[in-house]
There are 2 protein chains.
Amino acid sequence: MTSYKIAITGGTGPQGKGLAYRFAKAAHTVFIGSRSPERAKQAATDIARRVGDAARVSGMENAAAAESADVVLLAVPYDGHAALVASLRSQLVGKVVLSCVNPLGFDKHGPYGLDIADSSAAEEAQRIVPDAKLAGAFHHLSAVSLWSDAELLAHEDVLVCGDDDQAKTVAADLARAITGRAGIDVGALRLARQLEPLTAVLIGINRRYKVRSGIHIVGLGHDG
Amino acid sequence: MTSYKIAITGGTGPQGKGLAYRFAKAAHTVFIGSRSPERAKQAATDIARRVGDAARVSGMENAAAAESADVVLLAVPYDGHAALVASLRSQLVGKVVLSCVNPLGFDKHGPYGLDIADSSAAEEAQRIVPDAKLAGAFHHLSAVSLWSDAELLAHEDVLVCGDDDQAKTVAADLARAITGRAGIDVGALRLARQLEPLTAVLIGINRRYKVRSGIHIVGLGHDG
């Protein structure tokens, strides 16, 4: 497995921090980004404590994190996503940019996918930074499972979509840190319109069955 | 497992016929509906030959099938879906109506979810027949797997959405005929906006990896 330098913008949120932990544990170099460098440093400390002395993880502002990395993971809430991406435009140009952003709403009927202008957060990021190499991935992993003691989330699959082969290859390769297997290439970036709000389905299941659900694709030869 | 009387409108298409086979095999009474009674009868004959003498399966026009059944499964192509549902309005009122309709498009970039007026085929059917008890289910099962010799598609899950508890219960129960397990209640009918086009993701995987993929939800205690 290639060792990557990954920035995680929004890396102090539960999803971002959980992914950062998994990437650091798999010997990638992780730059945790946040609006608050203090909170980013604290998250890095928390992760280093769990991973051990070999951990290469540090915390800083989002722009500095993106500047330092070869691969930038957008792990911010959808609210404010466009503004964040626009603010990082110069750091993202030419880089592999991965999005696990889930534009979701919640009301009395439960979770649902938001109806958004570019139809998906990943496509929105691509429109804002046309020269970035975008892929969507890592939408469906429970933050609690990511932060758990499980060596790997071996029952789960990471689904990857994108129009840039390099970005999809990096995302699929990084998935090994989480599931032990390459992520699954599902097709074009516009399929982020399906992958992002699928998280609403998983949250719906979690609420009804009191579980932490995840997605596994059967038929690829690694079934139970 | 309760024995149901199920009409399958569009039951001569690969998805409908495959589901009809599985339901007949599980000792439900199946009425295959089609615009062409001859093709419906032929499909019923094909299924009866596979299931054996105990099979309760017959073929007829869509309206007669829906009239005869307690549960009506809409398994028609999205093109023409609204007209078909409108034509069956009097047969569907008050009944449990299940939809596995997938509004998909295909172009040079692959499969994608269509942008449709009611946002999902299931919601469209509900709007056309407000008094039907709607649930969405059975979207993600490969027609080839359904028609295969496999005793059960035990690695796969049936995801069910709906606003009517009776309809969801029937759909979840019918899933036992296919997977050996109850279907998973994911939440409100509007989540059909996620379940229906998720099929585009599975078709994308099938094309890339030359497989027949399916969905399994992990975390519910029946993992490999």
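Lettering follows sequence order; numbering is per chain, from 1.
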| Per-residue contacts, residues 97-112 of chain B versus chain A, heavy atoms under 4.5 Å | B:D107, B:H109, B:G110, B:P111, B:Y112

| field | Region of B:I203 that comes under 4.5 Å of a non-hydrogen atom in chain A | value | neither

| message | Holding to side chain to side chain donor-acceptor pair (under 3.5 Å), I want the full list of residues that pass it with B:D185, two or more places apart in sequence or in another chain. | response | A:R208, B:K168

| task | To the nearest 0.5 Å, tell me how far A:I215 CD1 sits from B:L198 CG. | result | 6.5 Å

| said: For chain A, which candidate among B:E196, B:K210, B:R207, B:R190 shows the most heavy-atom pairs at distances under 4.5 Å? | reply: B:R190

| field | Exceeds 12 heavy-atom contacts within 6.0 angstrom, atom CG of B:D70 | value | yes

| message | How close do B:E156 and A:V218 get, counting heavy atoms only, and between which atoms? | response | CG-CG2, 3.7 Å

| said: Just to be sure I understand the criterion: a residue of residues 121-149 of chain A counts if one of its heavy atoms is under 4.5 Å from a heavy atom of chain B. Which ones qualify? | reply: none

| request: Just jot down the side chain to side chain donor-acceptor pair (under 3.5 Å) partners of B:R89, sequence neighbours excluded, or say none. | output: none

| message | Please classify the contact between A:L153 and chain B as side chain, backbone, both or neither, with a heavy-atom cut-off of under 4.5 Å. | response | neither

| note | When rounded to the nearest 0.5 Å, the distance separating CD1 of B:I205 from CD1 of A:I184 is 5.0 Å

| note | Counting heavy-atom pairs under 4.5 Å with chain A, the top scorer among B:S213, B:A200, B:P197 is B:P197

